[in-house]
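Inspection log for the structure reproduced underneath, given as structure tokens.
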Amino acid sequence: NAGLRKGERSVVAVFVVPALVGLFFAIVSSAVIWLRHAQPVTPLSEIIDATDSVFLFAVFLALAILAAPLIEEIIFRGYFFHVISLARGKRFAVYVISLVFAFLHVGQYWGDWAAIVMVMLLGFALTMLRAWSGTTLASIIAHYAYNAGVTIIPFYIFSW
């Protein structure tokens, strides 16, 4: 059970609120990036900087914006959330899934503590959306909005 059914939930609960939550986190993350004097070097930034290929960068963006949120949400807030909440309850599942999600992203952002904190907060918000809405669709929408926003907003900000 990946929790992908909308069921009786409203469009606002499944799509609008999650999109706004994702955009909120994207704006806050982009502001943190923009307000820094120097950007920390992370394993992710090194990978991005290592290529001059526009095609490879486009593939990376497509995976980051389209594939990663869907796969991560189905695994974390779909399957694992469902299993853990049945075994130990929703509250326990929210904490465990949020911590595991954050822990698995630490290696990607190692050295950038603000990014790690943002991923921890985002993971908690995504898991709360899943618990509140009763569907993984809500966390998928929020994760899509976040990844797209945090990818696009900095380009817009830095072009000023």
Side-chain angles (χ1 to χ4, degrees), residues 1-36 39-40 42-45 47-48 60-154 157:
N1 181 357
L4 291 173
R5 294 189 188 107
K6 179 183 169 287
E8 301 296 318
R9 291 142 195 103
S10 72
V11 170
V12 171
V14 176
F15 296 102
V16 176
V17 170
L20 292 173
V21 168
L23 286 174
F24 169 78
F25 276 93
I27 290 167
V28 171
S29 292
S30 297
V32 168
I33 291 167
W34 186 65
L35 292 173
R36 291 182 181 177
Q39 299 301 318
T42 65
L44 180 60
S45 67
I47 291 169
I48 292 170
F60 171 78
L61 286 180
L63 290 173
I65 294 172
L66 301 174
L70 181 64
I71 293 165
E72 288 178 356
E73 293 309 313
I74 288 173
I75 292 169
F76 287 103
R77 278 156 279 279
Y79 179 73
F80 287 131
F81 181 86
H82 175 73
V83 169
I84 294 170
S85 26
L86 287 177
R88 300 289 303 264
K90 280 187 181 181
R91 179 175 286 178
F92 184 79
V94 166
Y95 292 123
V96 168
I97 296 301
S98 299
L99 289 172
V100 170
F101 180 78
F103 177 74
L104 291 176
H105 283 79
V106 167
Q108 167 180 13
Y109 297 110
W110 187 256
D112 186 352
W113 302 110
I116 292 170
V117 169
M118 284 306 299
V119 168
M120 286 175 29
L121 294 173
L122 175 68
F124 183 73
L126 293 172
T127 313
M128 288 298 293
L129 280 169
R130 166 61 167 101
W132 171 72
S133 69
T135 178
T136 308
L137 287 175
S139 60
I140 290 170
I141 297 300
H143 203 150
Y144 273 137
Y146 174 79
N147 280 23
V150 84
T151 303
I152 294 166
I153 292 169
I157 290 173

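Between the CD1 atom in Ile74 and the CD1 atom in Ile140 there is a gap of 5.0 Å [rounded to 0.5 Å]. Distance check: Leu122 CG to Ser29 OG gives 7.5 Å after rounding to the nearest 0.5 Å. With rounding to the nearest 0.5 angstrom, the CG atom of Leu70 is 9.5 Å from the CD1 atom of Ile75. One finds the CG atom of Leu129 at 12.0 Å from the NE2 atom of His143 (value rounded to the nearest 0.5 Å). Rounded to the nearest 0.5 angstrom, Phe60 CZ and Ile65 CD1 are separated by 9.5 Å. Separation of atoms CE (Met120) and CH2 (Trp113) is listed at 10.5 Å; rounding is to 0.5 Å.
The two residues Ala145 and Ala26 come nearest to each other via the heavy atoms O-CB, 4.3 Å. The shortest heavy-atom contact between Val21 and Ala125 is CG1-CB, 4.3 Å. The nearest pair of heavy atoms linking Ala138 to Ser133 is CB-OG, 3.2 Å. Pairing each heavy atom of Val17 with each of Trp132, the nearest pair is CG1-CZ3, 4.1 Å. For the residue pair Leu63 and Pro69, the shortest heavy atom distance occurs at O-CD, 4.3 Å. Closest non-hydrogen pair, Gly149 versus Pro154, comes out as O-CD, 3.7 Å.
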* Carefully, step by step, assess Trp110 and Thr42 under the rule side chain to side chain contact (heavy atoms under 4.5 Å, CB included). => CA-CA 6 Å; Trp110 187 256; Thr42 65; over 6 Å; no
* To do: Take Arg130 and Thr136 through the test side-chain hydrogen bond (donor to acceptor under 3.5 Å, both in side chains) and record every step on the way to the result.
  => CA-CA 5 Å; Arg130 166 61 167 101; Thr136 308; 3.1 Å; yes
* Could you check His105 against Glu72 for side chain to side chain contact (heavy atoms under 4.5 Å, CB included), going step by step and ending with a plain yes or no? => CA-CA 11 Å; His105 283 79; Glu72 288 178 356; 3.3 Å; yes
* Give the C-alpha distance, both sets of side-chain angles, the deciding distance and a yes or no for side chain to side chain contact (heavy atoms under 4.5 Å, CB included) between Phe80 and Val96. => CA-CA 10 Å; Phe80 287 131; Val96 168; over 6 Å; no
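Looking at Glu73, its side chain never comes within 3.5 Å of a backbone N or O of Leu137 through a donor-acceptor pair. For the pair Tyr146 (side chain) and Leu23 (backbone), a donor-acceptor distance under 3.5 Å is absent. A distance-only check finds no donor-acceptor pair linking the side chain of Arg88 to the backbone of Ala93 [under 3.5 Å]. A donor-acceptor pair under 3.5 Å links the side-chain atoms of Asn147 to the main chain of Ala64, judged by distance alone.
Contacts of Thr135 classified as side-chain hydrogen bond (donor to acceptor under 3.5 Å, both in side chains), with partners at least two apart in sequence or in another chain: none. Looking at residues two or more places apart in sequence or on another chain, you find no side-chain hydrogen bond (donor to acceptor under 3.5 Å, both in side chains) involving Ser85.
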Less than 3.5 Å apart, which donor and acceptor atoms pair up between the side chains of residues 97-104 and the rest of the protein, not counting sequence neighbours?
from	atom 1	to	atom 2	distance (Å)
Ser98	OG	Val94	O	2.7
Ser98	OG	Thr127	OG1	3.4

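Two residues are said to be in side-chain contact when any heavy atoms from C-beta on lie closer than 4.5 Å; Asp112 and Ile116 fail this criterion.
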